[in-house]
Amino acid sequence: MQEVLQQIWVHVQDNLVKILIGLIFVGVGWWFGQRRARHDWKRQEFFDRLNFSLNWIEDGKLVYRTLAEKRCEEVFLNATAAEEIRAAAKATTPENSVLPLPKEHYWNYLNAVLNELSERFAEGNLRREMGLPTRTIPYVVCLTCECAGELRTRKIRVMIIREQVLGTLNGTEAIVPENSRGGTRLATLRQLANRYKTHPHEFLPVEISLPQ
């Protein structure tokens, strides 16, 4: 037993510098992580979160609800991609909340969102393939980060909305938000209605199926 302990001590002595350097890096990483978390909480900015937001019109009112919220790395599965998403979110403006991502990369990001939605609603897709009773509705999705108005927090959001509803948002129909903070969301969706015509690569059609 004494020989084993001596060997362990010799190993520790031989690698002491490496162990200390490793501990220092761990400590520095923890400190920066805590500092960033405090900064994000103070400013209510959570650019590492991806919020899936369903939007619809009900009795003349704009309604929106969260379907899911995940870390960016859980959806995009690549640290570089997630970092590019965060950088784009910080570059949005009140006049344009759509993430300014490279056009040649946009489909890849939207396809990752599509994969997440397909997994979340997998039962409906399986029932549809089996010929069992389901209801399938077409939607469009878009990546945004709102940064104006009455927002309490800033997050990257996957906007999910029916195509025909998006088309009515710049029409003559009177639409009001369901609550006092919904004005920003209504303005965002009106932006999306315009960009859907001029920048179609920023949108992706999605079919969601649910059991009946």
Side-chain angles (χ1 to χ4, degrees), residues 44-58 61-72 74-76 81-82 84-103 105-121 136-171 173 175-179 181-208 210:
Q44 289 295 287
E45 294 179 342
F46 305 99
F47 295 116
D48 61 334
R49 308 296 298 176
L50 190 66
N51 180 280
F52 290 75
S53 180
L54 179 65
N55 304 264
W56 72 96
I57 306 298
E58 186 176 300
K61 293 183 179 180
L62 171 65
V63 183
Y64 50 94
R65 297 289 185 271
T66 294
L67 296 182
E69 185 166 303
K70 307 192 75 171
R71 293 179 64 250
C72 286
E74 293 181 89
V75 176
F76 300 108
E84 189 173 49
I85 282 282
R86 285 190 285 266
K90 295 175 184 179
T92 57
T93 66
E95 294 74 29
N96 181 22
S97 61
V98 179
L99 265 58
L101 295 162
K103 184 175 182 179
H105 296 167
Y106 230 106
W107 182 89
N108 295 317
Y109 289 111
L110 292 174
N111 190 60
V113 169
L114 173 61
N115 289 339
E116 179 65 29
L117 287 172
S118 295
E119 181 178 348
R120 187 162 294 274
F121 297 101
T136 301
I137 300 295
Y139 294 88
V140 292
V141 297
C142 180
L143 290 164
T144 70
C145 184
E146 298 160 295
C147 57
E150 311 88 346
L151 285 175
R152 292 183 176 179
T153 61
R154 288 195 68 189
K155 296 179 182 178
I156 305 168
R157 301 183 193 275
V158 177
M159 294 296 185
I160 307 168
I161 188 169
R162 296 196 196 191
E163 183 179 19
Q164 67 267 33
V165 173
L166 191 62
T168 66
L169 289 170
N170 279 341
E173 182 180 355
I175 300 171
V176 296
E178 66 169 335
N179 56 56
R181 298 187 303 273
T184 298
R185 177 58 56 87
L186 183 57
T188 296
L189 293 175
R190 292 191 191 282
Q191 290 177 10
L192 299 189
N194 288 326
R195 294 191 71 85
Y196 188 51
K197 299 174 183 177
T198 59
H199 297 73
H201 69 277
E202 296 174 346
F203 299 79
L204 190 69
V206 174
E207 288 188 335
I208 295 179
L210 289 175

Heavy-atom pair of closest approach, residues A88 and P100: O-CD, 3.2 Å

Rounded distance (nearest 0.5 Å) linking atom CZ of F203 with atom CG of L143: 10.0 Å

From CG (L114) to CD (E207), nearest 0.5 Å: 10.0 Å

Distance-only donor-acceptor check, side chains R154 and T92, under 3.5 Å: yes

Sidechain-backbone polar pair: Q191 side chain, S97 backbone, donor-acceptor under 3.5 Å: yes

Flag side-chain contact, heavy atom, 4.5 Å: R195 against N96: yes

Which atom of Y196 lies closest to which atom of E163, heavy atoms considered: OH-OE2, 2.7 Å

Residues forming a salt bridge (Lys or Arg N to Asp or Glu O under 4.0 Å) with K70, sequence neighbours excluded: E116

Close side-chain approach of M159 and R185, heavy atoms under 4.5 Å: yes

Separation between SG of C142 and CG of L192, rounded to the nearest 0.5 Å: 5.0 Å

Approximate separation, where rounding is to 0.5 Å, of L62 CG and I175 CD1: 7.5 Å

E69, CD: over 12 other non-hydrogen atoms inside 6.0 angstrom: yes

Validation row: L101, I85 side chains within 4.5 angstrom (heavy atoms): yes

Residues E178 and R65 bridged, charged N to O under 4.0 Å: yes

Heavy atoms from other residues, nucleotides or ligands near CD of E74 exceed 12 (cutoff 6.0 Å): yes

Pair W56-R162, side chain to side chain contact (heavy atoms under 4.5 Å, CB included): steps then yes or no: CA-CA 7 Å; W56 72 96; R162 296 196 196 191; over 6 Å; no

Closest non-hydrogen atom pair, N111 against L204: N-CD2, 4.1 Å

Donor-acceptor under 3.5 Å (N51 side chain, R49 main chain): no

Pairwise distance CG(L99) to OG1(T144) - rounded to 0.5 angstrom: 7.0 Å

Candidate pair I208 and Y139, rule side chain to side chain contact (heavy atoms under 4.5 Å, CB included), full reasoning: CA-CA 7 Å; I208 295 179; Y139 294 88; 4.0 Å; yes

Flag side-chain contact, heavy atom, 4.5 Å: N108 against F76: no

Closest contact, heavy atoms only, Y64 versus G182: OH-CA, 3.5 Å

Any side-chain donor near an acceptor of the partner, E146 and T188, under 3.5 Å: yes

Interatomic distance, I156 atom CD1 to L50 atom CG [nearest 0.5 angstrom]: 6.5 Å

